[in-house]
There are 2 protein chains.
Amino acid sequence: MGAVLDAKAYASKADRDSNRQSTRIQTINREIILDAAIAVFAVHGFRGSTVDQIAAKAEMSKPNLLYYFRRKQDIYRAVLEHTLDDWLTPLSAIDPQGDPIEELRRYITLKLKMSAENPAASRLFANEILAGAPVIGDFLKTRLRQLVHEKAGVIRRWVAEGRLAPVDPTHLIFTVWAVTQHYADFDVQIRAVLGSQIDQPGFREQTAQAVLTIVLNGIRPRG
Amino acid sequence: MGAVLDAKAYASKADRDSNRQSTRIQTINREIILDAAIAVFAVHGFRGSTVDQIAAKAEMSKPNLLYYFRRKQDIYRAVLEHTLDDWLTPLSAIDPQGDPIEELRRYITLKLKMSAENPAASRLFANEILAGAPVIGDFLKTRLRQLVHEKAGVIRRWVAEGRLAPVDPTHLIFTVWAVTQHYADFDVQIRAVLGSQIDQPGFREQTAQAVLTIVLNGIRPRG
DNA sequence: CTCTAATTTGACCAAATAGTCAAGAATCTG
DNA sequence: CAGATTCTTGACTATTTGGTCAAATTAGAG
């Protein structure tokens with residue numbers, strides 16, 4: 001898929017030195033920085049995060065970090081860029097030729113899995129959206145919008161063919177997003193309510209089962 | 001219900017002067033400040049918001065604002081306190097004696113209404129939770145936890161009596177929270193995807209209808 | 001109206017923060 | 001190994017930010 005957000009001038013000193021290929025150290029350190037940055041931005045958002053925090057988490061001096069990404073904004077954009085594609089893949093993968101219930105089951109399961117395995121990515125988006133989507137706003141209005149319209153069309157066709165109960169396709173997609181995001185973003189709240197049982201093996205499967213029961217039975221056509 | 005979070009020393013100069021009653025001006029200005037503060041904190045969270053922003057939105061000088069709330073923390077706590085009770089009321093109101101489907105329909109409808117009418121409150125919580133619930137953590141682990149356990153018990157009984165399809169009660173509550181919060185917190189994303197249709201009259205009813213269809217049909221026992 | 005207490009604010013301070021820079025250290029290339 | 005390049009960092013600057021304070025203004029009680 002490639003560059004999702006508009007490339008912004010030059011991100012670093014290394015970049016500015018013509019478009020030479022990245023060195024080994026550059027590759028390693030950029031990865032380290034992005035990993036540290038997503039953890040920090042996910043908790044406090046862009047405004048609430050500091051370059052020092054990211055540098056500390058990356059175990060790197062601040063000037064060194066700024067050697068790879070000249071400005072805080074550049075780190076932030078890079079992190080979003082780095083995560084955005086992955087986030088859309090599950091929806092893209094819904095297959096119009098497949099079995100409706102099976103496709104949606106797979107979609108929900110995959111989304112829940114991603115939320116569980118990479119909650120920081122989910123929280124990063126949540127923060128960006130809460131702040132008014134200053135960086136990914138255009139992306140939402142173009143790429144995301146188009147993808148949702150496309151997949152809503154698929155679901156609408158399934159409904160028309162009687163293979164799904166009558167349901168508003170867009171709101172169905174929103175509902176799935178809502179629930180899957182929730183388990184990542186509100187993890188602290190869920191932990192507070194459930195206590196230790198969240199760490200028991202099988203909790204994830206149990207969650208998936210419960211969500212699938214609620215959502216799928218709601219859209220499955222009555223016998 | 002009263003004080004939800006632990007009172008923290010004295011919030012303001014006025015408070016410190018013994019527990020004299022609030023003056024007219026105090027009442028007005030505290031209200032103005034809290035209104036301004038919720039709008040600011042809802043967008044950028046605690047760390048990302050500045051006292052100057054709040055003062056500007058309240059059309060008040062910063063020292064004047066700090067005359068009513070001595071520290072940024074105090075404003076933040078007051079805003080959360082001010083909102084927390086309202087947020088729980090709908091769940092509290094679920095009546096074990098009522099009709100299951102009717103009770104849940106009312107709960108979901110009310111939650112959606114609150115999200116639509118006061119999205120800032122919803123986003124304030126979202127930010128607090130994303131930041132790790134530093135302030136309301138205790139509240140979540142005590143009051144919220146207890147309330148959820150109680151209402152989960154009610155739902156479990158309904159299921160046992162065959163008045164609801166088999167469903168995990170806690171996950172059902174989480175699902176409802178997820179969806180209702182989503183329409184407030186991710187408003188920007190929803191707007192980006194739907195475009196202008198979100199502002200058409202009847203959109204809220206349409207949303208409620210769609211959500212109720214998905215969730216309720218999923219838990220309604222099959223004929 | 002007068003006196004007191006409450007309210008308001010300009011000017012200020014210390015700490016935090018984004019970002020710079022020059023010089024030293026490590027790495028790579030031939 | 002030698003020279004060039006890349007990488008790293010201590011020390012620094014300008015700006016932002018949370019919070020203070022004394023003095024001026026306004027509101028309220030009698």
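Every chain is numbered from 1 and lettered A, B, ... according to where its sequence line falls, protein lines coming before strand lines. These numbers were taken from a predicted model, which means no experiment stands behind them.
Contact annotation: Asn64(A) does not reach the phosphate of dC7(D) (side-chain N/O to OP1 or OP2, under 4.0 Å). Not one side-chain nitrogen or oxygen of Tyr67(A) sits closer than 4.0 Å to the OP1 or OP2 atom of dT8(D). Contact annotation: Gln26(A) reaches the phosphate of dC7(D) (side-chain N/O to OP1 or OP2, under 4.0 Å).
Map Thr23(A) and Pro63(A) each onto its nearest nucleotide of DNA chain D; the residue landing nearer the 5' end is Thr23(A).
Classification of Arg77(B) and Asp74(B) as a salt-bridged pair fails, no side-chain N sitting under 4.0 Å from a carboxylate O.
Between Tyr183(B) and Phe174(A), the angle of the ring planes goes over 60°, which puts this pair in the perpendicular group of the 30/60° scheme.
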Point to revise | Reading 5' to 3' through nucleotides 25-30 of chain D, protein heavy-atom contacts under 4.0 Å coded B for base, S for sugar-phosphate only, - for none | key: --SS--
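Considering only residues two or more places apart in sequence or on other chains, Arg156(A) meets the salt bridge (Lys or Arg N to Asp or Glu O under 4.0 Å) condition with none of them.
Applying the salt bridge (charged side-chain N to carboxylate O under 4.0 Å, His left out) rule to pairs touching residues 190-215 of chain B yields Glu117(B)-Arg204(B), Asp187(B)-Arg191(B), Arg191(B)-Asp199(B), sequence neighbours excluded. Screening residues 43-54 of chain A for salt bridge (charged side-chain N to carboxylate O under 4.0 Å, His left out), with sequence neighbours left out, gives Asp52(A)-Lys62(A).
Applying the side-chain contact (heavy atoms from CB on, under 4.5 Å) test between Leu80(B) and each of Phe125(B), Trp87(B), Phe41(B) identifies Phe125(B) as the sole match.
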Give each protein N/O atom lying under 3.5 Å from an N/O atom of nucleotides 22-25 of chain C, with the pair distance.
none

Report, one pair per line, the protein and nucleotides 12-18 of chain D atoms (nitrogen or oxygen only) whose separation is under 3.5 Å.
from, atom 1, to, atom 2, distance (Å)
dT17(D), OP1, Arg47(A), NH2, 3.0
dG18(D), OP1, Ser49(B), O, 3.3
dG18(D), OP1, Lys72(B), NZ, 3.2
dG18(D), OP2, Val51(B), N, 2.8
dG18(D), N7, Lys62(B), NZ, 2.8

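For the pair Arg145(A)/Leu140(A), no side-chain contact is recorded, criterion being any heavy-atom separation below 4.5 Å from C-beta on.
Remark: the backbone N or O of Ala126(A) is not paired with any side-chain donor or acceptor of Gln181(A) at under 3.5 angstrom.
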Exercise for review: Evaluate the criterion side-chain contact (heavy atoms from CB on, under 4.5 Å) for residue pair Thr180(A) and Lys113(A); output intermediate values, then yes/no.
Suggested key: CA-CA 9 Å; Thr180(A) 54; Lys113(A) 183 164 177 253; over 6 Å; no
